[in-house]
Number of protein chains: 2
Amino acid sequence: MQPLTIGRLAAAAGVNFEAVRYYERIGLMPPPARAASGHRAYEEAHVRRLTFIRRARELGFSIEDIRALLTLAEPSHASCVQAQEIAQAHLDDVRAKLADLAKLERILAGTVARCSGGPVPSCPVLDMLDAGAKRN
Amino acid sequence: MQPLTIGRLAAAAGVNFEAVRYYERIGLMPPPARAASGHRAYEEAHVRRLTFIRRARELGFSIEDIRALLTLAEPSHASCVQAQEIAQAHLDDVRAKLADLAKLERILAGTVARCSGGPVPSCPVLDMLDAGAKRN
DNA sequence: CTTGCACCCGTAGTCGCTACAGGGCGCAGG
DNA sequence: CCTGCGCCCTGTAGCGACTACGGGTGCAAG
């Protein structure tokens, strides 16, 4: 029941304590009460909110997405269609990046495998960058 | 044979012309000759160098990696072992990111699929963020 | 003559933090 | 009583790799 300091809050939610100040500055965390010393004094609700933020960040949601999701998570909302839309859009994004990365992986793996560490004129790695654009 | 302007160089290599100025500022592209008007005057060699940079960026190499690869691509180097090492390290990096993204994809896809757009108390998307940390 | 284009320069903004610099407050040990 | 420690406070600068803007110049065509 007694308030938490910023350090304890950060540890409880699993984030860096400087990130908490950052979230406050950008309006993602509300400005908390202050102790007589001027230290921030947090409640349990802040731990839940900060943990929500941390999980969403781990899943790759942007700050603006999280801002929206936090609003949608309030009990006053009757449906989660909007939350689903945000998650679906993010999923599409993740899948696009996954496809891009898989392509890179394929090209890099093929090139590195062909490189024996021999002389420069025939180095597959440098050749690809110099002349490339053929097999993508 | 006649020199290219920055705009033509950028178009020839397929990059934004402001990126060329940026590469010059950070020392990735050499400062070119100047026409009487003060406009930058580029040669064919610059097109090749800038194209090398663009391809390396498309493959996800960092600016510092590219700086090293450009040096290694000079004919004075007898072996490409170092280039291979840089490419291998980057490939390891790409594979790590690929694994991370695949994990995100799995979690997001599962959650979105379970969400019917129903009432908030049972929204899988918001529930995962609120209570999550169970099935990763 | 004036319109439009491509170029010039320097600087600020993007994203999501992280890392200082420079200070304060309270408590425990010497 | 003094010193050091550990936590907290504020504000600001830095990361990577650009992108975008403001405000100016030179040059050719209509």
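- Although no hydrogens or angles enter the test, the distance criterion places no donor-acceptor pair under 3.5 Å between the side chain of B:Arg95 and the main chain of A:Glu105.
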Review point. Quick one: what's the B/S/- string for nucleotides 13-21 of chain D, heavy-atom cutoff under 4.0 Å, read 5' to 3'?
Key: ----BBSBB
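- If you take CE of A:Met29 and P of C:dG16, they are 17 Å apart, rounded to a whole angstrom.
- Pairs of residues two or more places apart, or lying in two chains, that qualify as side chain to side chain donor-acceptor pair (under 3.5 Å) and include a residue from residues 9-28 of chain A are A:Glu24-A:Arg40.
- Within the 4.0 Å cut-off from OP1 or OP2 of C:dC7, at least one side-chain nitrogen or oxygen of B:Thr5 is found.
- Counting non-hydrogen atoms of other residues, nucleotides and ligands closer than 6.0 Å to CD of A:Glu58 gives a total above 12.
- Comparing the end axes of the helix from C:dC1-D:dG30 to C:dG30-D:dC1, each fitted to five base pairs by superposing C1' atoms of four pairs onto the next four, gives an inter-axis angle of 30° (nearest 10 degrees).
- The stretch residues 30-41 of chain A touches DNA chain D through A:Arg34, A:Gly38, A:His39, A:Arg40, each having a heavy atom within less than 4.0 Å of the strand.
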Would you be so kind as to tabulate the donor-acceptor pairs closer than 3.5 Å made by side chains of residues 61-73 of chain A, with sequence neighbours excluded?
unit_1	atom_1	unit_2	atom_2	d
A:Ser62	OG	A:Glu64	N	3.4
A:Ser62	OG	A:Asp65	N	3.1
A:Glu64	OE1	A:Arg67	NE	3.0
A:Glu64	OE2	A:Arg67	NE	3.4
A:Glu64	OE2	A:Arg67	NH2	3.2
A:Arg67	NH1	A:Ile26	O	3.0
A:Arg67	NH2	A:Ile26	O	3.1
A:Thr71	OG1	A:Arg67	O	3.2

Exercise for review: Please assess B:His46 against B:Leu4 for the test side chain to side chain contact (heavy atoms under 4.5 Å, CB included), listing each intermediate value before the final yes or no.
Suggested key: CA-CA 9 Å; B:His46 293 107; B:Leu4 297 156; over 6 Å; no
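- Here the P atom of nucleotide C:dG16 and the CD atom of A:Glu24 are 18 Å apart, to the nearest Å.
- Checked against side chain to side chain contact (heavy atoms under 4.5 Å, CB included), A:Thr111 has the following partners two or more places apart in sequence or in another chain: A:Ile107, A:Arg114, A:Pro124, A:Val125, A:Met128.
- Within 4.0 Å (heavy atoms only), A:Ile26 reaches no atom of the nucleic acid at all.
- The environment of CZ in A:Arg8 is sparse: at most 12 heavy-atom neighbours from other residues, nucleotides or ligands sit within 6.0 Å.
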